[in-house]
There are 2 protein chains.
Amino acid sequence: MGIKQIAKLANVSIGTVDRVIHKRPGVSKETEKKILKIIEETGYTKNTTASRLKLASIKKIKFAVLLPETKKEWNYWKLPIQGINNAVSELKEMGVAVDFLHFKDSKTYSKEIDAIFLKEYNAIITVPFFKTESNILLQKAAKKQTSVVFLDTEIDLENNAHFIRQNSRQAGKVAGRLLYGLVGTDGEYLIINKQNDKGTLVNNTQREEGFKEFLKTVHYKKEILSKSYYLKNDFKLSSELITWLKTKTPKGIFVTNSKSHILVKALKKEGITNIQIIGFDLNEDNISCLKNEEINFLINQQPILQGYMAIKNLFNHIAKQETLKTNYNIPIDIILKENLLTS
Amino acid sequence: MGIKQIAKLANVSIGTVDRVIHKRPGVSKETEKKILKIIEETGYTKNTTASRLKLASIKKIKFAVLLPETKKEWNYWKLPIQGINNAVSELKEMGVAVDFLHFKDSKTYSKEIDAIFLKEYNAIITVPFFKTESNILLQKAAKKQTSVVFLDTEIDLENNAHFIRQNSRQAGKVAGRLLYGLVGTDGEYLIINKQNDKGTLVNNTQREEGFKEFLKTVHYKKEILSKSYYLKNDFKLSSELITWLKTKTPKGIFVTNSKSHILVKALKKEGITNIQIIGFDLNEDNISCLKNEEINFLINQQPILQGYMAIKNLFNHIAKQETLKTNYNIPIDIILKENLLTS
DNA sequence: CTGAAAGCGCTTACAG
DNA sequence: CTGAAAGCGCTTACAG
């Protein structure tokens with residue numbers, strides 16, 4: 001059932017059917033109505049593959065990807081890029097193309113956004129690390145009919161936006177149950193946060209809230225020490241914290257970010273042992289701690305999947321008129337030593 | 001860079017290039033060599049989308065899917081079917097079609113295999129529940145150049161085969177770490193197996209082995225009681241087991257199959273509490289136990305993903321000449337109450 | 001052994 | 001407002 005049969009049934013040419021399907025002007029009300037009725041009755045749907053075959057050479061679907069720089073400690077951001085490249089190579093025959101851009105602060109972010117709008121892109125994939133700038137981006141995008149998908153983090157914005165990310169509050173609850181299972185009500189818990197010079201702390205805060213909320217549901221009464229800690233590579237525990245660790249002997253630590261491996265090293269140096277640790281992200285250092293049983297669990301945000309789904313969802317939106325969900329949930333993937341390699 | 005440019009560079013027609021690309025006969029050694037060289041130099045790759053556009057209407061890729069019946073307690077098998085349907089609807093414009101067939105024992109399995117080989121299929125997706133019959137299937141398939149992918153379970157077979165499944169031994173280890181984290185060295189462990197009138201117990205056995213192996217690595221000394229239990233819907237614990245449960249008060253039970261919810265009900269009836277339980281599969285009953293905190297963890301075999309990947313991998317093999325991996329690992333997905341809904 | 005033509009389902013100028 | 005024709009990259013009869 002193709003455009004040709006529809007045309008025959010309606011006694012028109014395929015050009016006219018095409019105009020109706022794409023809501024292009026230049027068709028009489030009457031003809032349009034007739035064609036729409038036949039499309040309805042026959043259940044015709046456009047063959048996107050055939051459509052893209054033609055368009056691939058004359059009208060590419062263009063994505064702008066604006067992510068943090070991927071140098072050194074920020075090489076986490078290579079992962080969504082990897083997922084994006086996977087999706088693009090699957091869809092390259094359909095005529096999709098990507099430009100990668102990077103920022104290092106709100107200023108360069110704004111600059112790159114401006115640059116993006118000087119060219120013609122069908123969609124933009126980025127992160128909502130700067131609230132004001134994200135709102136501006138959405139405003140501009142709305143005017144130009146450009147779709148925007150935010151990865152990694154969900155924040156409140158003025159315009160309706162699309163997020164592909166893990167529910168961080170929920171991930172915090174998962175961490176809560178996992179750590180509580182190991183520690184129970186006997187020991188104290190410590191939450192370690194990180195302050196980030198690059199952008200938002202939203203995910204970290206949401207994880208902390210979820211963690212605390214879980215402990216509430218199991219009626220954990222003791223106070224949870226929650227430290228907001230700025231972790232650099234030359235990380236040192238404050239003397240206050242060391243004292244607390246040595247006197248209170250906490251049994252479980254929840255690191256709300258990707259730096260749990262640094263904590264492991266610091267604890268080792270201080271000779272503090274017998275602590276259960278849960279962190280985030282499968283970076284090399286964390287993985288090695290997991291293998292050495294210095295970290296119990298890692299929660300994987302699946303950044304590769306986030307990037308992959310961004311392209312797939314946007315392509316389906318643009319080429320197949322599928323609706324973009326406001327929130328696309330990335331599963332909360334729990335990793336321990338034994339399911340690391342097969343994942 | 002298409003077939004047209006290659007043809008021009010080689011001073012031949014596109015028909016001849018096509019013959020070389022598909023290794024069809026009727027091209028002189030010389031011309032073939034010339035064309036292959038140009039393909040090599042230009043890095044040309046076939047546009048599968050365009051290729052399938054034409055072939056979709058004249059030469060469909062046909063899959064035969066032979067799975068257990070999906071009635072009542074076997075409705076687990078609706079899930080791979082769901083995944084298969086997802087993949088097929090993604091690829092329908094590429095001209096793929098599926099026939100679903102079902103078996104209830106080795107006899108009907110053989111019968112359906114015979115029926116499959118009376119028609120022309122490009123590939124067969126099934127489960128390796130009967131060793132002899134699986135070997136026969138592989139032999140027949142090899143003769144007819146038909147690809148075979150086995151889901152769910154991995155077994156040793158005479159011919160080279162392809163499996164899309166979770167590594168069950170590894171999944172047992174994961175279960176070991178999770179349960180050990182909750183129970184430690186204090187209590188006894190119980191492993192509950194199931195005997196299945198429908199087919200193999202291979203997955204269950206492998207999970208049990210992995211579980212025991214994990215406990216060995218943490219130097220768990222006590223003997224693990226391993227019961228092979230045939231669970232029907234009117235499940236009753238044997239008096240021997242009840243006595244053991246009441247005297248030894250085990251702290252952790254590993255159910256190597258999908259029926260942990262039945263155990264939960266039985267324990268409730270006997271008034272036995274305070275036991276940590278880990279099982280497999282997200283069936284409705286198990287999910288409800290997870291929500292009520294009567295089961296601690298479930299390991300998800302991701303049957304929908306298994307079915308989806310079977311079609312995708314086979315399509316890529318047939319349409320894009322990608323190699324089929326011997327073992328495609330489905331991640332060992334750990335589910336607890338808090339990551340149930342967002343998964 | 002090789003080429004020219006028709007066609008897969010859709011899109012786009014162009015002509016009227 | 002509408003249609004006929006050319007073309008996206010590839011495949012397949014058919015002709016020679």
Side-chain angles (χ1 to χ4, degrees), chain A residues 1-36 38-39 42-61 91-97 122 318-321, chain B residues 1-36 38-39 42-61 91-97 122 318-321:
Chain A
M1 182 51 59
I3 207 177
K4 214 152 67 177
Q5 286 91 315
I6 302 292
K8 191 183 281 176
L9 290 171
N11 266 314
V12 294
S13 72
I14 56 168
T16 303
V17 175
D18 189 75
R19 282 179 195 102
V20 171
I21 288 167
H22 296 90
K23 291 167 188 150
R24 276 193 278 270
V27 183
S28 75
K29 274 282 163 223
E30 212 177 346
T31 330
E32 187 186 8
K33 219 174 120 187
K34 183 170 60 175
I35 292 173
L36 283 175
I38 291 169
I39 286 176
T42 56
Y44 166 84
T45 52
K46 181 175 71 170
N47 184 324
T48 307
T49 301
S51 158
R52 292 306 310 167
L53 172 62
K54 173 71 180 172
L55 295 177
S57 52
I58 53 171
K59 200 198 268 180
K60 290 226 189 306
I61 295 179
L91 295 172
K92 64 174 186 295
E93 295 175 347
M94 304 289 202
V96 321
N122 297 81
I318 295 165
K320 307 187 186 180
Q321 290 75 249
Chain B
M1 181 51 59
I3 207 177
K4 216 152 70 176
Q5 286 91 314
I6 303 291
K8 191 183 280 176
L9 289 170
N11 265 313
V12 294
S13 73
I14 58 168
T16 303
V17 176
D18 189 75
R19 282 180 195 103
V20 171
I21 289 168
H22 295 91
K23 292 168 187 149
R24 275 192 279 271
V27 183
S28 74
K29 274 281 164 223
E30 212 177 346
T31 332
E32 187 186 6
K33 220 174 119 187
K34 183 171 60 176
I35 292 173
L36 283 175
I38 291 168
I39 286 176
T42 56
Y44 166 83
T45 52
K46 182 174 71 169
N47 184 323
T48 307
T49 301
S51 158
R52 293 305 312 166
L53 172 61
K54 172 71 179 170
L55 294 177
S57 52
I58 54 171
K59 201 199 267 180
K60 288 224 190 309
I61 295 179
L91 295 172
K92 65 173 186 297
E93 294 174 348
M94 303 289 201
V96 321
N122 297 80
I318 295 165
K320 306 187 189 180
Q321 290 76 249

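Protein chains get the first letters and strands the later ones, always in sequence-line order, with residue 1 at the start of each. Quick caveat, the model's predicted, so the values are computed rather than measured.
Residues satisfying the side-chain hydrogen bond (donor to acceptor under 3.5 Å, both in side chains) criterion with B:Ser51, sequence neighbours excluded, are absent altogether. Among residues two or more places apart in sequence or in another chain, the side-chain contact (heavy atoms from CB on, under 4.5 Å) test is passed with A:Ala319 by A:Thr48, A:Arg52, A:Ile61, A:Phe315. With sequence neighbours excluded, the residues that form a side-chain contact (heavy atoms from CB on, under 4.5 Å) with A:Leu9 are A:Ile38, A:Thr42. Every side-chain contact (heavy atoms from CB on, under 4.5 Å) that B:Ile14 has, sequence neighbours left out, goes to B:Ile3, B:Lys4, B:Ala7. Residues forming a side-chain contact (heavy atoms from CB on, under 4.5 Å) with B:Lys54 (at least two apart in sequence, or on another chain): B:Ile58. Scored by the side-chain hydrogen bond (donor to acceptor under 3.5 Å, both in side chains) test, A:Ser28 finds A:Thr31 as partners (sequence neighbours excluded). Under the rule for a salt bridge (Lys or Arg N to Asp or Glu O under 4.0 Å), the partners of B:Lys29 that lie at least two apart in sequence or sit in another chain are B:Glu32.
Close to C:dG3, at under 4.0 Å from its OP1 or OP2, lies a side-chain N or O of B:Ser13.
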Collect all protein-nucleotide pairs involving nucleotides 12-14 of chain C in which both atoms are nitrogen or oxygen and the distance is under 3.5 Å.
residue, atom, partner, partner atom, Å
C:dT12, OP1, A:Lys59, NZ, 3.1
C:dT12, OP2, A:Arg24, NH1, 3.2

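C:dG9 atom P lies 14 Å from atom NZ of B:Lys92, rounded to whole Å. Protein atom NZ of B:Lys60 is 13 Å distant from nucleotide atom P of C:dC8, rounded to whole Å. Protein atom CG of B:Leu53 is 14 Å distant from nucleotide atom C1' of C:dA6, rounded to whole Å. Atom CE of A:Met94 is separated from atom P of D:dG9 by 14 Å (rounded to the nearest Å). One can place NZ of B:Lys4 at 16 Å from P of C:dG3, the figure rounded to the nearest angstrom. Atom CD in B:Glu93 sits roughly 16 Å away from atom C1' in D:dG9 (whole-Å rounding). In this structure, A:His22 atom NE2 and C:dG9 atom P are separated by 16 Å, rounded to whole Å. If you measure from atom NZ of B:Lys23 to atom C1' of D:dT11, you get 17 Å, rounded to the nearest angstrom.
The CZ atom of B:Arg24 lies 4.5 Å from the CG atom of B:Asp18; values are rounded to the nearest 0.5 Å. One distance of note links CG of A:Leu55 with CE of A:Met94; it measures 11.0 Å at 0.5 Å rounding. Between the CD atom in A:Glu30 and the NZ atom in A:Lys33 there is a gap of 8.5 Å [rounded to 0.5 Å]. Rounding to the nearest 0.5 angstrom, the gap separating the CD1 atom in A:Ile6 from the OG1 atom in A:Thr16 is 13.0 Å.
Across the P atoms, C:dA4 and D:dG7 are found 16 Å apart, a figure rounded to whole Å.
When every heavy atom of B:Ala97 is checked against every heavy atom of B:Lys60, the shortest pair comes out as CB-CD, 4.0 Å.
In this structure, A:Gln321 places its CD atom where more than 12 heavy-atom neighbours from other residues, nucleotides or ligands lie under 6.0 Å away. Residue B:Lys320 places its NZ atom among more than 12 non-hydrogen atoms of other residues, nucleotides or ligands, all under 6.0 Å distant.
Against DNA chain C, the stretch residues 43-51 of chain A makes heavy-atom approaches under 4.0 Å through A:Tyr44, A:Lys46, A:Asn47, A:Ala50, A:Ser51. Residues from residues 26-35 of chain A lying near DNA chain D, meaning a heavy-atom separation below 4.0 Å, are A:Gly26, A:Val27, A:Ser28, A:Thr31 in numerical order.
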Legend entry - Dot-bracket line, read 5' to 3' along DNA chain C, where crossing pairs take [ ] and | marks a partner on another strand, Watson-Crick or G-U under 3.5 Å: |||.||||||||.|||
